[in-house]
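Before any comments, here is the structure.
In the text below, chain A, chain B and the rest are named by the order of the sequence lines, each starting its count at 1. Computed from a prediction, not measured in an experiment: that's the story for all the values here.
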Amino acid sequence: MPRIEPRLLKGFRDYLPEVMIPRTRMLRKIAAVFERFGFEPLDTPAIEYADILMGKLGPEAEKLFYRFRDSGDRDVALRYELTVSLARVVAQYSTDLPRPFKRYQMGPVWRAEAPSMERGRFREFWQCDVDIVGSHSLLADAECLAVDHAVMQAVGVKTHLIRFNNRKLFRGLQEKLGINQDALMAAIMRAVDKFDKVGREGVEKELAALEGVDAAARQTVLAFLDLAKFEGGNDARIGKLSEFLGSAASGQLGCSELREVLVEARRMGVPEKHLLVDATIVRGLDYYTGTVFETTLSDAPSFGSVMSGGRYDGLVGLFAGKDEPAVGISVGIDRLLAALESASLLMKSKASASVLVTVFDETCLEYALKSATELRRAGVNTEVYLEVGAKLKKQLAYAERKAIPLVVIAGPEEIAAGETQLRVMGTGEQLRLKLTELPQAAMSRFVEPDPNTAAGRTWDWAFKPEMIERVPEVGGLFLLRDETRVVKFAGWAKYGDLRNAIRRSLGPAQATKVKTFDWYEIREDELSEALCEFVVARLKPEFNA
RNA sequence: CGGCUAGUAGCUCAGUUGGUUAGAGCGCCUGACUGUGACUCAGGAGGUCGCGGGUUCGAGUCCCGUCUAGCCGCCCA
């Protein structure tokens with residue numbers, strides 16, 4: 001029988017569980033942030049008529065489409081990004097949708113370009129978009145920046161830089177240069193966009209190669225470039241640019257928009273250190289009309305932009321006949337994932353299960369299945385080993401291989417006593433427990449695979465600054481334990497103060513005796529206080545005395 | 001799509017100026033261990049040397065073609 005060689009198309013890949021687990025976790029986190037800002041989910045087909053998808057992306061993008069004839073000889077293409085489909089949806093269901101229409105969409109897109117697996121460039125990759133359609137307000141633009149910052153925080157990034165600009169500045173520049181061919185201006189913008197890659201000289205070279213740009217014009221563009229990189233703070237930079245653009249009306253408008261977006265983003269709580277007004281930001285897509293933004297990670301700059309977008313007030317009009325304002329931003333999660341991995345910010349995990357229940361032999365099978373059911377009822381992800389005859393050694397090796405942290409072992413001996421053994425793979429520690437105690441013990445030994453997703457409560461976190469850092473800023477109760485899990489200190493915190501309360505609860509001498517901590521979110525301060533008093537009275541922790 | 005580099009075991013690679021039966025480490029499987037993983041020891045499986053052709057008594061090694069992968073260019077998330 002001839003064997004079919006298993007292989008993949010260049011630029012495409014399989015997502016094995018090891019990759020898929022952190023990936024789906026990240027997608028969930030991102031969706032949660034989007035919903036927190038009031039965006040609703042939307043999905044659209046991967047394939048559409050080519051003329052729709054290629055609507056206004058520009059000649060550069062058109063080359064990169066997967067485009068073909070379907071069996072009904074229709075001219076179709078795989079979607080290149082998600083925004084065009086949104087514009088189509090808004091036009092098609094115009095009267096059914098509220099304005100502003102805020103939607104998020106996560107799904108694969110395809111680009112037939114040169115892939116670079118190492119740096120997170122693929123021919124099939126996912127985008128996570130949020131867009132606001134139907135609002136001229138610059139609050140919408142600023143909200144995109146706020147969402148950007150919130151996403152970065154949610155996935156654990158601390159070194160992101162959100163750089164933004166306004167395309168109207170280029171209109172102003174065009175006016176100042178006296179250029180009336182849009183194609184030439186587009187070429188100039190593309191040259192400016194390359195600044196970060198090729199530097200000032202590189203841009204100068206690019207400009208020199210353009211026909212219709214004389215020496216004087218070149219100097220003007222370079223002067224603009226210098227102001228774009230002016231170091232002295234965002235406000236000062238906008239001031240300089242505004243001064244430079246002088247009487248060019250759209251340039252002035254661009255500057256005032258830039259100023260307003262900056263102010264509103266600050267008021268939405270985006271720290272100044274993550275914001276950079278940078279007039280060399282252009283963005284390749286042709287449909288942008290106002291604000292444009294790009295986000296890079298200082299930990300992994302070579303990955304390029306991990307999140308970007310802008311305002312595109314003309315796109316919906318292409319399908320609707322009348323223009324509707326829109327602004328949006330898109331997370332490139334494959335790139336983000338690759339960047340996080342290279343900056344070792346990614347929590348890897350190979351297994352969904354927290355517990356593996358071993359099966360000793362046929363006679364013990366029923367007991368094993370019952371244990372698993374108990375665990376699952378308590379919400380613990382549990383896997384039963386499915387080969388009944390297999391040696392314990394093999395079953396443990398399986399748990400090891402999948403990095404499942406806990407194993408339940410119950411042979412005739414344990415069953416006779418109504419017990420089971422819970423083995424902690426990391427330490428080799430083994431506990432004898434009544435079957436009824438098993439879920440509780442598993443839950444309290446359970447190591448959260450990804451502390452970033454921790455919500456509500458956790459147990460047994462290592463008492464270290466980087467773990468305390470992960471505690472959300474809510475209120476509630478916390479317990480500090482020594483290596484034998486004896487509670488050494490019980491404390492509570494007012495709403496918003498939990499992380500700090502844990503951090504300053506102990507002096508350095510006492511802190512050395514604490515190995516792990518638990519915390520529970522409680523939304524009423526009075527309740528936290530009462531529970532804490534109760535716990536202290538009951539357990540009498542050493543350091544509370 | 002243009003330029004550069006590379007394809008030998010599941011992975012990382014070695015393989016002399018062309019010379020008999022192509023090796024190592026790691027991984028995998030089995031056993032020592034009849035109730036315990038990551039350590040140790042013993043054994044085992046796994047290769048048309050990317051594919052096709054040529055030169056030669058003889059090719060993993062040299063030549064041509066082809067395919068695939070990687071890097072750079074262009075562009076982007």
Side-chain angles (χ1 to χ4, degrees), chain A residues 3 5-13 30 57-65 79-83 106-129 148 151 190-191 193-194 196-198 202 206 281-286 292-297 300 302-310 328-339 356 358-361 363-364 385 389-415 420-430:
Chain A
R3 194 173 68 98
E5 181 66 25
R7 68 220 132 102
L8 289 177
L9 286 167
K10 189 193 182 104
F12 290 76
R13 63 225 162 107
I30 293 172
L57 287 169
E60 291 295 335
E62 282 187 22
K63 283 184 257 171
L64 302 175
F65 268 83
R79 66 183 175 205
Y80 180 88
E81 39 92 81
L82 303 172
T83 314
M106 311 201 289
V109 299
W110 293 267
R111 294 184 190 178
E113 69 184 325
S116 166
M117 303 305 223
E118 296 282 306
R119 297 191 192 166
R121 282 164 49 166
F122 309 97
R123 287 186 172 169
E124 178 186 63
F125 60 94
W126 275 51
Q127 282 191 332
C128 308
D129 282 28
D148 186 321
V151 166
R190 243 176 283 135
D193 192 33
K194 285 180 192 153
D196 285 334
K197 235 183 207 169
V198 300
E206 293 261 346
I281 300 292
V282 174
R283 312 270 320 121
L285 272 36
D286 284 359
V292 286
F293 19 74
E294 272 187 15
T295 309
T296 47
L297 310 188
S302 64
F303 289 88
S305 170
V306 295
M307 196 164 177
S308 60
I329 190 159
S330 171
V331 194
I333 66 145
D334 295 276
R335 207 178 249 201
L336 182 56
L337 234 26
L356 175 76
T358 58
V359 179
F360 191 81
D361 62 22
T363 65
C364 303
Y385 197 83
K391 291 184 178 167
L392 241 198
K393 184 186 178 69
K394 201 176 171 190
Q395 302 190 42
L396 286 170
Y398 176 77
E400 162 74 14
R401 173 141 187 216
K402 283 184 66 169
I404 298 174
L406 301 171
V407 171
V408 168
I409 301 167
E413 228 177 90
E414 289 86 355
I415 295 174
T420 123
Q421 295 213 49
L422 183 67
R423 182 179 179 83
V424 181
M425 292 297 278
T427 59
E429 173 193 12
Q430 216 155 289

Can M307(A) and I329(A) be said to form a side chain to side chain contact (heavy atoms under 4.5 Å, CB included), step by step? CA-CA 7 Å; M307(A) 196 164 177; I329(A) 190 159; 4.0 Å; yes
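Applying the 3.5 Å distance criterion, the base of G35(B) shares a donor-acceptor pair with the side chain of E414(A). The base of U36(B) lies outside donor-acceptor range of the side chain of Q395(A), with no N or O pair under 3.5 Å.
Between C76(B), A32(B), U36(B), one nucleotide has an atom nearer to the side chain of K391(A) than all others, and that is A32(B). Residue Q421(A) has its side chain nearest to U36(B) when only A77(B), C75(B), U36(B) are considered. When the nucleotides A77(B), C75(B), G35(B) are ranked by their closest atom to the side chain of R190(A), C75(B) comes out on top.
At whole-Å resolution of the value, CZ in F12(A) and P in U68(B) are 14 Å apart. Residue F65(A) contributes atom CZ, which lies 14 Å from atom C1' of A77(B) at whole-angstrom precision.
Ring-plane geometry between F65(A) and Y80(A) is classed as parallel, the angle between the planes falling under 30 degrees on a 0 to 90 degree scale with a further cut at 60.
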Check nucleotides 37-40 of chain B for protein N or O atoms closer than 3.5 Å to its own N or O atoms and list the pairs.
from   : atom 1 : to      : atom 2 : distance (Å)
G37(B) : N7     : R423(A) : NH2    : 2.8
G37(B) : O6     : R423(A) : NH2    : 3.0
G37(B) : O6     : M425(A) : O      : 3.4
G37(B) : N1     : M425(A) : O      : 2.5
G37(B) : N2     : E400(A) : OE1    : 2.5
G37(B) : N2     : M425(A) : O      : 3.2
G37(B) : N3     : E400(A) : OE1    : 2.9

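For the residue pair V407(A) and T358(A), the shortest heavy atom distance occurs at CG1-CG2, 3.5 Å.
Judged purely by distance below 3.5 Å, without hydrogens or angles, the side chains of Q127(A) and E81(A) never pair a donor atom with an acceptor atom.
Salt bridge status for E429(A) with R423(A): absent, with no side-chain N to carboxylate O gap under 4.0 Å.
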Bracket string, RNA chain B, 5' to 3' - pairs by Watson-Crick or G-U geometry under 3.5 Å, | interstrand: (((((((..((((.....[...)))).(((((.......))))).....(((((..]....))))))))))))....
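The salt bridge (charged side-chain N to carboxylate O under 4.0 Å, His left out) search around K194(A) returns E206(A), not counting sequence neighbours.
Between R401(A) and C28(B), a side-chain N or O to OP1/OP2 separation shorter than 4.0 Å is absent.
Residues L336(A) and Q430(A) each lie close to RNA chain B; by heavy-atom proximity, the contact nearer the 5' end of the strand is made by Q430(A).
Stacking here means ring centres nearer than 5.5 Å and ring planes tilted less than 30 degrees, and by that measure F125(A) stacks onto A77(B).
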